[in-house]
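Notes to accompany the following structure.
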Number of protein chains: 2
Amino acid sequence: MQVSSPTLTRQPLYQQTAAALSEILAKTEPGSFLPSEPSLAQELGVSRSTLREAMRTFENQGLIVRRRGIGTYVTTPPKAIETGLEVLESVASMAKRMGFEVEISDLLIKESKPSAEEGSIFEIQPDHSLLTISRIVHVDGIPSAYLVDILPKCICRKISPRIRLRDPSST
Amino acid sequence: MQVSSPTLTRQPLYQQTAAALSEILAKTEPGSFLPSEPSLAQELGVSRSTLREAMRTFENQGLIVRRRGIGTYVTTPPKAIETGLEVLESVASMAKRMGFEVEISDLLIKESKPSAEEGSIFEIQPDHSLLTISRIVHVDGIPSAYLVDILPKCICRKISPRIRLRDPSST
DNA sequence: CGCAATTTGTACGTATGTATT
DNA sequence: TAATACATACGTACAAATTGC
């Protein structure tokens, strides 16, 4: 199960490996484990580093889960979809990884108080603030996704300590 | 500008490097270039691989842009925020990278026809379908973000060829 | 136009750390 | 304790893109 002939280098080896890996994942029962990295690498004829680079994609997408000391198993897919979507990975990073040109436009950040529903989702007090971040992702120039993230302002620091909002009144 | 003493290994070296790099980024004028990877690596006292692993975070966040043959420069931040937020990287991958436990719940995928506004955003025909994907991201068990992605169904295949929707009527 | 220098991207091999069984 | 599996880290080499000569 070699990945490709060494002479054809149109695509990076790790992407070719990802393609081959994709077929293996498709044939693997959800919940069951993949072979170990060394054996998989040997089977595909690539180094372990390259294999791991290829696996990275699927891990980010949440299609596989890797556990130190245990192994790597294929995720049980969510009910609504057959194989994974970008449940974990963002559309932007996914497209970028596949070699497309990615641009962000219409970035908009709003601060607001939670509605009743939002309050129940996040289990926060009504006086806490929510941030709503929306933007449009362009893939190779065409608008391809409209993304909205809603998250408590307090969480924001935890996840991304570098964030610093300007005074909203100045916009 | 060494990253840390070699004996303290509480945190992976590339994360310590990311922290050090973060300070460098903060002191770097937006739009200007960083030193080359070899020199930066030497300055920080780590290998180029480790430095690149550290840079990966910021690249995914869109804080830096790397150009082969040119160099790496710091992004001009969007108007609304002082430093970058997860404009490119999803909340989930960011949190995961920082070592938090990440779970996805309440995944919901709806198919619909575009509204007038949505049609103008995506520049598609009214008979094309839109997919609305929503889910809640839990970081270390607490609900931390509500994410909504809206994208044309036709785009979906391009970005994520592995997606395969089930018959909506069966849900 | 080609050629060389610079810079990031990819790929490999090896060694060691850490978690699980 | 030992064996296994993934995680991290290093060094090296070459490929590919860009710039300047």
Side-chain angles (χ1 to χ4, degrees), chain A residues 2-21 28 32-60 63-75 93 96-101, chain B residues 2-21 28 32-60 63-75 93 96-101:
Chain A
Q2 298 292 91
V3 161
S4 90
S5 66
T7 55
L8 292 180
T9 314
R10 322 180 308 266
Q11 224 184 359
L13 183 54
Y14 74 87
Q15 285 186 18
Q16 304 176 31
T17 307
L21 196 54
T28 303
S32 61
F33 281 80
L34 292 177
S36 74
E37 291 181 356
S39 63
L40 245 188
Q42 188 178 22
E43 183 184 350
L44 296 175
V46 299
S47 73
R48 194 182 154 209
S49 332
T50 300
L51 172 65
R52 283 180 61 79
E53 184 64 31
M55 297 177 88
R56 200 164 205 148
T57 315
F58 302 107
E59 197 204 355
N60 287 339
L63 294 177
I64 60 178
V65 177
R66 322 172 73 184
R67 293 258 177 258
R68 189 189 299 207
I70 306 284
T72 302
Y73 59 89
V74 179
T75 306
S93 4
K96 195 173 179 188
R97 169 171 282 276
M98 296 185 68
F100 298 116
E101 282 295 312
Chain B
Q2 298 292 92
V3 162
S4 89
S5 65
T7 54
L8 292 180
T9 314
R10 323 182 305 267
Q11 224 182 356
L13 182 54
Y14 74 86
Q15 285 187 18
Q16 304 176 33
T17 307
L21 195 54
T28 304
S32 61
F33 282 80
L34 292 177
S36 74
E37 293 181 356
S39 63
L40 246 187
Q42 187 179 22
E43 185 183 349
L44 295 174
V46 299
S47 72
R48 193 183 153 209
S49 334
T50 300
L51 171 65
R52 284 180 60 80
E53 183 65 32
M55 296 177 90
R56 199 164 206 148
T57 315
F58 302 108
E59 197 205 356
N60 286 338
L63 294 177
I64 61 178
V65 176
R66 323 174 73 187
R67 294 252 177 262
R68 188 193 298 210
I70 306 286
T72 302
Y73 60 88
V74 179
T75 307
S93 4
K96 196 174 181 189
R97 169 170 282 278
M98 295 185 67
F100 297 116
E101 282 295 313

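All chains are named by letter (A, B, ...) in the order of the sequence lines, taking the proteins before the strands, and each is independently numbered beginning at 1.
- Taking atom CD on A:Glu37 and atom P on C:dT20, their separation rounds to 16 Å, with Å as the unit.
- With rounding to whole Å, B:Ile64 atom CD1 is found 14 Å from C:dT7 atom C1'.
- C:dT10 atom C1' lies 13 Å from atom CD of A:Gln11, rounded to whole Å.
- For D:dA7, one of the phosphate oxygens OP1 or OP2 lies less than 4.0 angstrom from a side-chain nitrogen or oxygen of A:Arg66.
- Minimum interatomic distance between B:Ile64 and B:Met55 (heavy atoms only, all atoms of both residues): CD1-O, 3.8 Å.
- As a whole-Å value, the separation of B:Tyr14 OH from D:dC10 C1' is 16 Å.
- A:Gln15 has its CD atom 14 Å from the P atom of D:dA16, to the nearest Å.
- Rounded to whole angstrom, the span from the CG atom of B:Leu40 across to the P atom of C:dG9 amounts to 13 Å.
- For the pair A:Tyr73 OH and C:dT21 P, the interatomic distance rounds to 12 Å; values are reported in whole Å.
- When the side-chain nitrogen and oxygen atoms of A:Arg67 are compared with OP1 and OP2 of D:dA5, none of them lie within a distance under 4.0 Å.
- With values rounded to the nearest 0.5 angstrom, B:Thr57 atom OG1 is found 8.5 Å from B:Leu21 atom CG.
- Between B:Arg56 and B:Glu53 a salt bridge is recorded (basic side-chain N to carboxylate O distance below 4.0 Å).
- Listed by chain and residue number, A:Glu37, A:Arg48, A:Arg66 satisfy the side-chain contact (heavy atoms from CB on, under 4.5 Å) test with A:Arg52 (two or more places apart in sequence, or in another chain).
- Taken to the nearest 0.5 Å, the CD1 atom of B:Ile70 stands 13.5 Å off from the OG atom of B:Ser36.
- Rounding to the nearest 0.5 Å places CG of A:Leu63 at 12.5 Å from OG1 of A:Thr72.
- For B:Arg68, the side-chain contact (heavy atoms from CB on, under 4.5 Å) criterion is met by no residue, not counting sequence neighbours.
- Per the geometry, CD belonging to A:Gln16 stands 12 Å off P belonging to C:dT10, to the nearest Å.
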Tabulated below should be each protein N or O lying under 3.5 Å from an N or O of nucleotides 12-16 of chain C; please produce it.
| residue | atom | partner | partner atom | Å |
| --- | --- | --- | --- | --- |
| C:dC12 | OP2 | A:Ser47 | N | 3.1 |
| C:dC12 | OP2 | A:Ser47 | OG | 2.7 |
| C:dC12 | OP2 | A:Thr50 | OG1 | 2.1 |
| C:dC12 | O5' | A:Ser47 | OG | 3.4 |

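- Here the side chain of B:Arg68 is nearest to one of D:dT18, C:dT10, D:dA7, namely C:dT10.
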